[in-house]
Amino acid sequence: MSEKLFVKGNEAVAMAAIEAGCRYYFGYPITPQSDIPEYLSRELPPLGGEFIQAESEIGAINMLLGASATGVRAMTSSSGPGISLKQEGISYMAGSELPGVIVDIMRAGPGLGGIDASQADYFQATRGGGHGGYRIIVLAPASVQEMYDLTMRAFDLSDIYRIPAMVLADSVIGQMKESLTAHPRPKATLPAKEWAVRGRESGEPQNIVKSLYLGDGEMEAFHWKMHARYQELAEKECRWEEIETTDAALVVTAFGSTARIARTAVAMAREAGMKVGLLRPITLFPFPRQAYETISGYCKRFLTIELSTGQMVEDVRLSVARDAEVAFYGRPPGAGSLPTPEELFEQIKKQY
Amino acid sequence: MRHDVFIAGYGGQGVLLAGNLLSYAAIHENRNVSFFPAYGVEKRGGSAMCTVVFADGDTGSPVVGNPSVAIILNQLSFDKYAAKVKPGGLCIINSTLVEADAGQLPGVELVAVPMNQIALDLGDMRMVNMVACGAYAAKSGSLALDSLEDALKKALPERNHRLIPANIKAIRAGAAAATQRNT
């Protein structure tokens with residue numbers, strides 16, 4: 001067994017990117033994600049890679065688009081205000097069917113907001129964020145180990161489906177340190193990047209990477225093709241975690257940092273003899289609808305918990321059986337706004 | 001078994017290093033660990049906090065509303081957080097800077113260790129966090145002193161490894177003070 005390391009969530013993302021073969025990073029500092037560029041600025045150059053602190057977030061995302069178009073693995077990261085600036089570039093990447101990993105360590109918003117943990121970028125991440133009706137893959141780690149594992153997975157999924165992939169976490173997961181078992185990149189069958197632009201000297205036939213479709217029916221065909229890809233993602237790539245759901249009378253559902261806090265609250269409920277389970281989506285897009293549908297076949301009460309006034313709860317309501325009840329408990333982000341397990345246990349008792 | 005400890009003081013007292021040291025010691029004992037720093041915009045001298053949770057199985061929530069043990073290094077933190085300690089828990093205070101009496105925390109064992117004074121007597125006030133860690137390990141019994149001493153190699157940057165012997169002394173002094181004065 002490999003040695004257990006003790007690292008920050010943000011560092012785990014950077015370590016995983018390197019292990020996944022990412023050698024190109026473009027970014028701009030912003031709390032609470034700056035450990036990622038800091039780590040990569042130190043580690044990438046000796047590996048023959050490139051670290052560029054761009055002039056802005058907009059510069060960084062367009063550098064990612066350019067690097068990705070050449071077929072290399074590349075990444076950018078930011079927090080809410082920076083991710084907003086990147087949306088135009090993300091839309092262009094989606095329109096160009098380019099892979100690429102984008103990390104959002106969410107902070108309180110809107111606007112400049114604050115540096116405290118938040119889950120209020122859920123809509124922005126899962127609904128496309130930019131213009132034009134696209135989706136991106138969204139993965140939501142709940143531990144430092146998952147920051148590592150899911151970042152690696154994000155690179156593979158992004159390459160397989162030619163859709164940008166986002167790792168969505170917040171300052172709780174980004175800033176906390178946990179034991180991590182680093183491991184080599186799992187083997188995956190990846191398609192050849194025959195679409196990549198290689199330059200004139202490669203002698204390969206010319207490739208064009210574009211997001212402009214002006215011909216009759218071209219744009220519509222593109223949308224149906226992407227739609228089919230999103231359906232395929234939903235069929236094959238949904239991931240979630242279930243804890244003690246099989247006999248549950250109430251299922252608590254939350255993602256990322258909140259799921260970690262909820263997990264202890266659920267354990268408190270079990271100790272008190274209450275039949276409570278936890279359903280944690282790991283992929284937020286595609287959203288694991290099937291899991292909700294199946295569980296709501298026998299458990300009719302759900303409690304969605306988020307660090308916002310309610311965003312994922314909409315997906316939960318769309319996914320459960322029609323006769324299931326979905327309650328919501330939210331804490332909008334800000335200093336002193338993190339719920340405690342004791343507080344969530346009280347909410348569980350109310351809904352049970 | 002799941003252990004949690006909340007550490008609070010002001011920036012510069014080594015709160016985060018103390019949390020890291022306890023975490024490395026727990027890893028040394030083959031436990032899973034979550035170290036969660038409170039991340040504020042304060043400058044040096046502002047408040048500093050962290051929570052360490054360690055367990056043989058899942059660590060669960062990194063956020064703890066009612067810690068079973070709190071290590072409180074200054075008065076401001078005592079006034080704000082001491083009342084949150086779980087009934088039956090421990091509140092270990094730096095009695096050089098914190099004025100408190102047992103009556104203030106019903107159901108909680110108050111452990112007073114003059115941490116600044118002990119660190120100063122050993123020659124360096126900056127070791128106040130090491131005294132605190134030693135007091136915690138000895139009084140709570142949740143980590144072996146040997147594990148703390150071993151963890152120093154990992155918690156301290158290489159350039160400070162020369163200070164390990166002095167830190168070990170501080171850990172032991174904290175442990176002795178916590179068990180002698182309060183039993």
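Computation of the quantities below employed the complete heavy-atom set of this structure, encompassing side-chain atoms and omitting hydrogens, waters and symmetry-equivalent molecules. Naming: A, B, ... by sequence-line order, numbering from 1 per chain. Owing to the predicted nature of the structure, the values given are computational and were not obtained by experimental measurement.
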| query | Where the side chain of Gln311(A) meets the backbone of Ser308(A), is there a donor-acceptor pair that is under 3.5 Å apart? | reply | no

| request: Evaluate the criterion salt bridge (Lys or Arg N to Asp or Glu O under 4.0 Å) for residue pair Glu149(B) and Lys169(B); output intermediate values, then yes/no. | output: CA-CA 10 Å; Glu149(B) 295 176 11; Lys169(B) 264 189 199 165; over 6 Å; no

| field | Full working for salt bridge (Lys or Arg N to Asp or Glu O under 4.0 Å) between Arg263(A) and Asp58(B) | value | CA-CA 10 Å; Arg263(A) 187 183 191 130; Asp58(B) 269 333; 2.6 Å; yes

| chain B neighbours within residues 270-281 of chain A, where any heavy atom lies under 4.5 Å away | none

| query | CD1 of Ile93(B) to CD1 of Ile71(B): how many Å apart, nearest 0.5 Å? | reply | 12.5 Å

| task | Decide whether Ser34(B) and Thr59(B) meet the rule of one side-chain donor and one side-chain acceptor closer than 3.5 Å. | result | yes

| request: Sort and list the pairs that fulfil ring-ring contact (aromatic ring centres under 6.0 Å, His included) and have at least one residue in residues 73-92 of chain B, not counting sequence neighbours. | output: Phe6(B)-Tyr81(B)

| message | Pair Glu178(A), Arg260(A) - check salt bridge (Lys or Arg N to Asp or Glu O under 4.0 Å), show working. | response | CA-CA 13 Å; Glu178(A) 288 188 315; Arg260(A) 281 294 292 272; 2.7 Å; yes

| Taking the six-membered ring of Tyr329(A) as reference, does the NZ or CZ atom of Arg331(A) fall below 6.0 Å from its centre and within a 45° cone about the axis? | no

| Are there residues of residues 21-29 of chain B that reach to under 4.5 Å of chain A by heavy atoms, and which ones? | Ser23(B), Tyr24(B), Ile27(B)

| Pairs satisfying ring-ring contact (aromatic ring centres under 6.0 Å, His included), at least one member in residues 103-147 of chain B, at least two apart | none

